[in-house]
Amino acid sequence: MQKKYILEMFPYPSGNIHMGHVRNYVIGDICARYHKLKGDEVIHPMGWDAFGLPAENAAIQFNTHPQDWTLSNIKNMKSQLKKLELDLDWDKELATCKDNYYQYQQELFIDLYEAGLAYKKDAVVNWDPEDQTVLANEQVIDGKGWRTGANVEQKVLSQWFFKITNYAEELLNDLDELELWPEKVKTMQRNWIGKSTGAEIKFKILSQDDQLNIFTTRPDTIYGATFIALSINHRLVSKFVNNKEIDDIKKSFAEIDNEKEKKGYLMNIKCKHPLLDKEIPVYIANFVLDNYGEGAIFGCPAHDERDYDFAKKYNIPIIKVIECEDKDLPFTEDGVVINSPLLNGLKKTEAIQKITNYFEKKKIGNRSINYKLRDWGVSRQRYWGCPIPVIYYEDGTFRVLEKSELPVLLPYDVSLNGKGNALLNQDSWRKILCPKTNKIAFRETDTFDTFVDSSWYYIRFLDNKLDKPFDKKQVNKYLPVDKYIGGIEHAILHLLYSRFFMKALRDIYNLNINEPFKQLFTQGMITHKTYKTVNDEWIMPREVYLNEGKLFREKTNEIVMEGPSEKMSKSKKNVIEPDEILENYGIDATRFFMISDSPPDRELEWTDEGIQGSKNLIRRIDKYFKKSRTDTKHDTNKMIEKFVFNIEKNILNFSLNKCVADIYTLFNYLEKEKIYLQNSDLSKKILVCLYPIIPSMVLNLYMDLFNSKNIEKWPEINKELLIETRINLPIQVQGKLITTINTEKGYIENEILNSIYKLDKVKNKIQNRKVIKVINVQDKIINIIVD
RNA sequence: GCGCCAGUGGCGGAAUGGUAGACGCGCUGGUCUUAGGAACCAGUGGGCAACCGUGGGGGUUCGAGUCCCUCCUGGCGCACCA
């Protein structure tokens with residue numbers, strides 16, 4: 001028996017499922033049911049990504065407790081999922097907020113710490129002022145918090161980090177082996193990891209016993225270096241500039257739009273050019289990133305756009321070291337090196353090689369690889385998360401707890417006021433007597449980023465009752481997840497963190513698994529038309545009615561304007577509630593529509609006509625099987641074999657919209673020819689194929705027709721039946737279609753040509769021109785070329 | 001700016017280099033009547049036609065929606081990454 005681990009991204013228990021969940025889980029459910037019919041050992045679990053801020057916010061707003069709020073949401077959403085009749089392994093259910101999940105996460109943290117993959121350091125971090133917590137780099141989008149949209153501030157805090165950078169190279173390289181991942185997601189991850197190769201060059205600081213390390217991808221332009229620029233947070237800035245000045249500079253940077261304007265301050269130190277007898281000025285500049293390389297650059301204005309802008313503004317010399325016209329400056333393309341004693345006449349790649357070798361020989365630099373990827377900051381200053389199992393002593397030292405001291409349970413009795421971390425004020429929980437040292441100690445009050453929770457839940461699903469995080473044998477047997485289905489919004493965050501976790505756990509536990517998700521499928525969003533009144537008020541689609549070609553709002557009769565179809569959102573009032581749809585159209589029609597109108601990886605527009613069409617088809621199928629059997633001369637074996645073949649192929653490719661087309665085609669044919677199969681074996685075959693898609697009605701029909709609810713195995717395909725013996729052969733003249741003829745496969749070219757030449761359409765086309773060539777692609781096409 | 005993906009009827013979308021538009025929605029005409037959010041039948045890329053049609057222009061090929069070059073448009077992602 002083959003194992004198939006089919007997983008949909010588990011939901012955050014916000015209260016209600018939405019149509020996006022429905023689409024996601026229906027796609028997964030179709031796969032899971034198909035594989036079960038094939039006789040595979042299917043794992044198809046579901047759980048809850050249950051820690052996180054909305055619970056705290058809701059608790060304050062509704063005067064409840066995050067735990068109560070979360071658990072009641074889970075209860076409600078579970079009952080909604082049950083209504084969708086998903087074939088899930090509910091005995092594997094887990095919720096990350098329960099101690100039988102998160103205590104094992106604390107164990108994993110201890111493992112990571114001992115393996116050197118978790119560490120604590122002071123760091124400049126992204127602070128979300130609205131959520132009052134730190135965010136990882138991945139969670140800051142365009143300078144704003146990914147959840148709140150608030151402008152992120154920079155703060156220095158002592159934080160826990162996971163050493164994801166240790167795996168940068170592997171995370172990058174292994175993307176190549178993920179053949180069943182969308183190229184788009186892989187590209188995004190590659191960009192995020194951001195590998196660049198180049199050199200690190202040492203610049204001596206004149207009349208100081210200190211030096212600068214500068215990373216560059218263009219060591220070939222070193223002779224054109226005319227300035228150095230540092231980030232305001234660079235080590236040497238605090239060494240040579242006093243705090244007041246630093247603050248002033250920071251303020252001046254804060255006042256301008258740093259993306260549009262370049263600003264710099266000349267420092268009173270100078271560097272020596274590594275190859276020339278020349279002094280280079282050092283600036284503090286707003287455009288130097290402090291978290292890339294060492295936060296320092298050398299500027300070669302002639303061949304870099306930023307450096308050029310900066311040099312123009314501050315009258316810094318511009319020295320050409322690659323041959324080009326003055327008007328082309330800054331010239332960033334490949335060219336012949338000039339003004340560079342060691343490199344003149346070389347092209348870019350040769351020059352890079354030569355100069356880097358020279359640096360290494362002279363010990364003034366070396367080859368270097370840089371990644372944009374930073375270590376993952378996992379501390380969050382929030383109550384509703386997994387406690388980090390660490391204690392601090394009064395002298396400022398800390399100790400990571402031992403596994404025997406776990407679990408560190410989250411206290412229930414806290415007072416939440418929305419200001420800061422509630423755990424900080426819980427001295428009864430926070431303050432302990434350390435059993436090892438008998439000293440007073442304080443628990444870590446930061447909790448884990450919830451992305452830590454979701455980085456290993458697919459492992460815990462394998463056995464949610466185990467008294468350790470997971471069982472090695474089971475992991476080796478059942479991972480990776482064969483099909484992982486979810487939204488593309490997790491392309492970087494969750495999917496990169498999970499890949500890191502899998503690799504880290506592999507190394508710690510000596511597992512055989514390199515990648516957590518063998519195949520990734522990203523389903524598209526569901527969109528719906530939006531409507532607004534002339535006063536810019538969003539209104540619900542169901543309030544709108546059409547009269548004489550114009551749209552009006554019910555009750556008020558205001559004129560309504562139709563907007564574009566957009567992602568369903570409460571603020572735009574274009575949301576469709578799953579519960580309502582299930583009630584009005586039924587489970588099968590709802591499932592059907594989820595796969596009908598678009599390929600699953602593209603947007604699906606919600607339309608009333610669409611869901612109604614699905615319902616009509618359901619009714620039609622039902623009626624079809626209830627018609628009494630007719631004797632017929634038709635041989636439907638071939639037709640149905642083809643149907644089985646197509647459905648199988650299309651389920652395996654996630655081309656579920658084509659399954660819908662296959663179903664229509666089949667029933668169109670059967671009804672047109674009035675072939676009613678009722679309780680025959682052929683009916684059985686059809687129903688088995690329909691079962692993954694519309695299980696509810698298939699079960700009922702199966703019961704009616706065969707007096708059983710045991711759906712048979714997926715039919716073996718008889719390949720001989722798929723072979724067509726007659727074909728419609730297209731006939732072309734000069735590559736253009738003239739006609740088609742119906743003929744036996746395996747015709748003899750000369751024979752068939754004789755009859756083709758007699759066809760009026762062909763004769764008219766050829767007239768008395770000479771046939772110079774005939775291209776016969778056997779059983780495919782015949783193309784006659786005349787002069 | 002860089003990267004990725006896409007552009008096919010009124011709309012959603014099908015097409016291993018070999019009959020473009022499967023299938024659905026919508027629309028048109030008709031049938032039926034238990035007047036329905038129903039069902040059934042016929043039609044539906046453009047053009048009177050020869051023919052023309054897959055964003056535009058080139059190319060490869062007997063043959064291009066599909067491959068190559070180039071441009072345009074749209075979406076997504078990244079973005080002062082040294």
Side-chain angles (χ1 to χ4, degrees), chain A residues 141-142 182-192 194-196 198-201 214-219 221 225 228-229 231 258-262 285-289 291-300 303-307 309-310 332 370-373 488-489 491-492 565 584-585 592-593 596-599 601-605 607-617 619-620 623 646 655 657-668 671-672 727-741 772-777 779-786:
Chain A
I141 293 147
D142 291 334
E183 207 50 52
K184 186 177 178 171
V185 175
K186 290 195 277 185
T187 307
M188 283 166 73
Q189 292 212 354
R190 281 190 194 104
N191 290 343
W192 186 261
K195 179 180 182 175
S196 40
E200 197 174 74
I201 304 172
I214 293 180
F215 175 75
T216 178
T217 55
R218 294 295 304 274
T221 63
I228 281 170
S231 135
N258 289 290
E259 281 179 27
K260 292 208 177 103
E261 197 182 332
K262 292 204 167 30
N286 65 339
F287 67 93
V288 181
L289 304 169
N291 54 7
Y292 190 78
E294 301 261 314
I297 63 156
F298 76 74
C300 175
H303 306 293
D304 183 286
E305 281 175 38
R306 290 163 323 203
D307 298 349
D309 292 347
F310 192 76
T332 55
N370 225 302
Y371 299 93
K372 209 176 81 175
L373 183 71
I488 198 163
E489 65 273 19
I492 292 179
S565 203
N584 291 337
Y585 295 95
F592 226 127
F593 181 58
S596 285
D597 279 9
S598 316
D601 56 350
R602 285 200 218 166
E603 277 181 8
L604 171 69
E605 182 172 3
T607 59
D608 292 343
E609 293 83 1
I611 181 74
Q612 185 57 43
S614 294
K615 190 174 182 180
N616 293 344
L617 178 62
R619 186 156 36 197
R620 209 176 126 190
K623 269 165 72 180
N646 284 336
S655 303
N657 55 320
K658 286 191 242 168
C659 287
V660 174
D662 295 333
I663 293 167
Y664 274 108
T665 308
L666 177 73
F667 284 98
N668 286 350
E671 286 180 334
K672 190 181 168 101
I727 45 160
N728 280 326
L729 186 71
I731 309 301
Q732 296 183 332
V733 174
Q734 307 294 65
K736 293 202 172 182
L737 181 76
I738 303 305
T739 186
T740 64
I741 53 172
I772 40 179
K773 198 173 175 187
V774 173
I775 287 139
N776 172 38
V777 183
D779 298 337
K780 277 271 168 69
I781 200 164
I782 286 180
N783 188 6
I784 299 163
I785 312 300
V786 296

A:Thr216 side chain, from C-beta outward: closest of B:rG3, B:rG24, B:rA82: B:rA82
Whole-Å distance, A:Glu489 CD to B:rC76 C1', equals 13 Å
Using the C1' atom as the reference point in each nucleotide, state the distance between B:rG59 and B:rU66 in Å, no decimals. 15 Å
Using the test side-chain hydrogen bond (donor to acceptor under 3.5 Å, both in side chains), find all partners of A:Tyr371 that sit at least two apart in sequence or belong to another chain. A:Glu169
Quick one: pull up OH in A:Tyr585 and CD in A:Gln612 and give me the separation to the nearest 0.5 Å. 5.5 Å
Secondary-structure notation, RNA chain B, from Watson-Crick and G-U pairs under 3.5 angstrom (| other strand): (((((((..(((.....[....)))((((((.......))))))((....))..(((((..]....))))))))))))....
Anti versus syn assignment for B:rG9, with syn defined as within 90° of 0: syn
Take nucleotides 27-35 of chain B nucleotide by nucleotide from the 5' end and write B, S or -, depending on whether a protein heavy atom sits under 4.0 Å from the base, only from the sugar-phosphate, or from neither. ---------
Using the P atom as the point on both nucleotides, what is the distance between B:rG55 and B:rA64, in whole Å? 15 Å
Output the single nucleotide from B:rA82, B:rA14, B:rC4 whose closest atom is nearest the side chain of A:Asn657. B:rA14
Note: A:Pro730 and A:Lys780 closest approach over all heavy atoms is CD-O, 3.0 Å
Side chain of A:Arg306: nearest nucleotide among B:rG13, B:rC62, B:rC81? B:rC81
Return the nearest nucleotide to the side chain of A:Thr217; candidates are B:rC23, B:rG3, B:rA82. B:rA82
Below 3.5 Å is the cut-off: list the nitrogen or oxygen pairs between protein and nucleotides 16-21 of chain B, distance only.
| residue | atom | partner | partner atom | Å |
| --- | --- | --- | --- | --- |
| B:rU16 | O4 | A:Lys780 | NZ | 2.0 |
| B:rG18 | N2 | A:Gln732 | OE1 | 3.3 |

If you take all heavy atoms of A:Ile781 and A:Leu729, which pair is closest and at what distance? N-CD1, 3.6 Å
Can you list the residues that meet the ring-ring contact (aromatic ring centres under 6.0 Å, His included) rule with A:Phe287, with sequence neighbours excluded? A:Phe310
Starting at atom CD of A:Gln189, determine the distance to atom P of B:rC4, rounded to an integer number of angstrom. 17 Å
Checking contacts here: which listed nucleotide (B:rG24, B:rA22, B:rG13) is nearest the side-chain heavy atoms of A:Ala661? B:rA22
With a cut-off of less than 4.0 Å, is there a side-chain N or O of A:Arg602 near OP1 or OP2 of B:rG13? yes
With P as the reference atom in both, quote the distance from B:rU54 to B:rG46 in angstrom, rounded to an integer. 15 Å
Ranking B:rG24, B:rA79, B:rG37 by distance to the side chain of A:Asn668, first place goes to B:rG24
Taking all atoms of both residues into account, what is the closest heavy-atom pair of A:Phe298 and A:Ala225, and its distance? CD1-CB, 3.5 Å
What interatomic distance, in whole Å, is found between C1' of B:rA14 and the corresponding atom of B:rA20? 9 Å
When you check every protein heavy atom under 4.0 Å of nucleotides 38-51 of chain B, what one-letter string (B, S, -) results, 5' to 3'? -SS-S--------S
Please report the distance separating the P of B:rG1 from the corresponding atom of B:rC52, rounded so that it comes out in whole Å. 39 Å
Pick the nucleotide of RNA chain B nearest each of A:Ile297 and A:Met188; which residue has the one closer to the 5' end? A:Met188
C1' atoms of B:rC25 and B:rG37, separation to the nearest Å: 15 Å
For the pair made of OH in A:Tyr292 and P in B:rA79, what is the distance, rounded to whole Å? 13 Å
How close or far is atom P of B:rG77 from atom NZ of A:Lys186, stated in whole angstroms? 20 Å
Grab the CG-P distance between A:Asp597 and B:rC11 for me, whole Å please. 15 Å
